[in-house]
Amino acid sequence: DAGITQSPRHKVTETGTPVTLRCHQTENHRYMYWYRQDPGHGLRLIHYSYGVKDTDKGEVSDGYSVSRSKTEDFLLTLESATSSQTSVYFCATKLGAAGDTIYFGEGSWLTVV
Amino acid sequence: GENVEQHPSTLSVQEGDSAVIKCTYSDSASNYFPWYKQELGKRPQLIIDIRSNVGEKKDQRIAVTLNKTAKHFSLHITETQPEDSAVYFCAADQSGSARQLTFGSGTQLTVLP
């Protein structure tokens, strides 16, 4: 599973507070992705990275920012958490070429109260 | 961007019967189509994938077919077993540098003993 570690795995936070989720990978994969999973919506892409300091927005990026200062780490920040951001967040990575397998981390359960 | 539609959203079959899940996609430039299985509380895991230069691929009881002209692909599970019960997601990659995946909304498969 590409040695992907997400932290924290579970978090409860209050509306309006900032939250950072961390994804750490040990396989030197070039591409990293953050998805959120909600009932009835499958997995939706928030942001992705195609290299150190190279990131771009996905389909549901509003209210989220990301950073990738090292190959192995991809951080997702909720600048001011809202109840609509209560979700399960999955990090995913891919080695490089088109058609390479995308591997998922174990997920981070976030509840905003 | 890419749009992936998946049907049915729920599927119940008797143990030993076959199950078929269908997906359509919109981006004619997509050329990689994976299927993921997700058990409750776990990460999505790749079970089979197909690339656009192939029409069908099999792996034991699982097969995937692709019709690029019609822009649809299907997952076939034969001789279903209770451990096949899970949520299944289809996906298609998007054109662009990161070839990120767009997912269908998922199918809850229940295999009845």
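Letters A, B, ... are given to chains in the order of the sequence lines, protein chains preceding strands, and every chain is numbered from 1. Everything numeric in this text was worked out from a predicted model, so none of it was measured.
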Answer yes or no: are there more than 12 heavy-atom neighbours, outside [X] itself, under 6.0 Å from its atom [atom1]?
X	atom1	value
B:E83	CD	yes
B:E79	CD	no
B:K68	NZ	yes

**Prompt:** Can you say whether A:I102 sits under 4.5 Å from chain B via the side chain, the backbone, both, or neither, judging by heavy atoms?
**Reply:** both

With clusters defined by side-chain heavy atoms of hydrophobic residues (ILVMFWY) lying less than 4.5 Å apart, directly or transitively, does [Y] cluster with [X]?
X	Y	result
A:V19	A:F74	yes
A:L76	A:I4	no
B:L75	B:V111	yes
B:V87	A:W109	yes
A:V60	A:V88	no

**Prompt:** Which heavy atom of A:L45 sits nearest a heavy atom of B:Q100, and at what distance?
**Reply:** CD2-CG, 3.5 Å

**Message:** Give me the atom names and distance for the closest heavy-atom approach of A:F90 to B:Q38.
**Reply:** CZ-NE2, 3.5 Å

**Message:** Strictly distance-based, threshold 3.5 Å: is any side-chain N or O of A:Y35 a donor or acceptor partner for the main-chain N or O of B:L101?
**Reply:** yes

**Request:** Check each atom of B:F33 against the heavy atoms of chain A and say whether the ones under 4.5 Å are side chain, backbone, both or neither.
**Result:** neither

[atom2] on [Y] to [atom1] on [X], rounded to 0.5 Å:
X	Y	atom1	atom2	result
B:R43	A:Y103	CZ	OH	11.5 Å
B:S105	A:L43	OG	CG	10.5 Å
B:F103	A:Q37	CZ	CD	9.0 Å
A:E59	B:N3	CD	CG	9.0 Å

**Prompt:** What's the verdict on side-chain contact (heavy atoms from CB on, under 4.5 Å) for A:F104 and B:K42, showing C-alpha distance, side-chain angles and the deciding distance?
**Reply:** CA-CA 10 Å; A:F104 284 86; B:K42 304 289 187 181; over 6 Å; no

**Item:** Residue selection (most heavy-atom pairs with chain A, distance under 4.5 Å) from B:A91, B:S52, B:P44
**Value:** B:P44

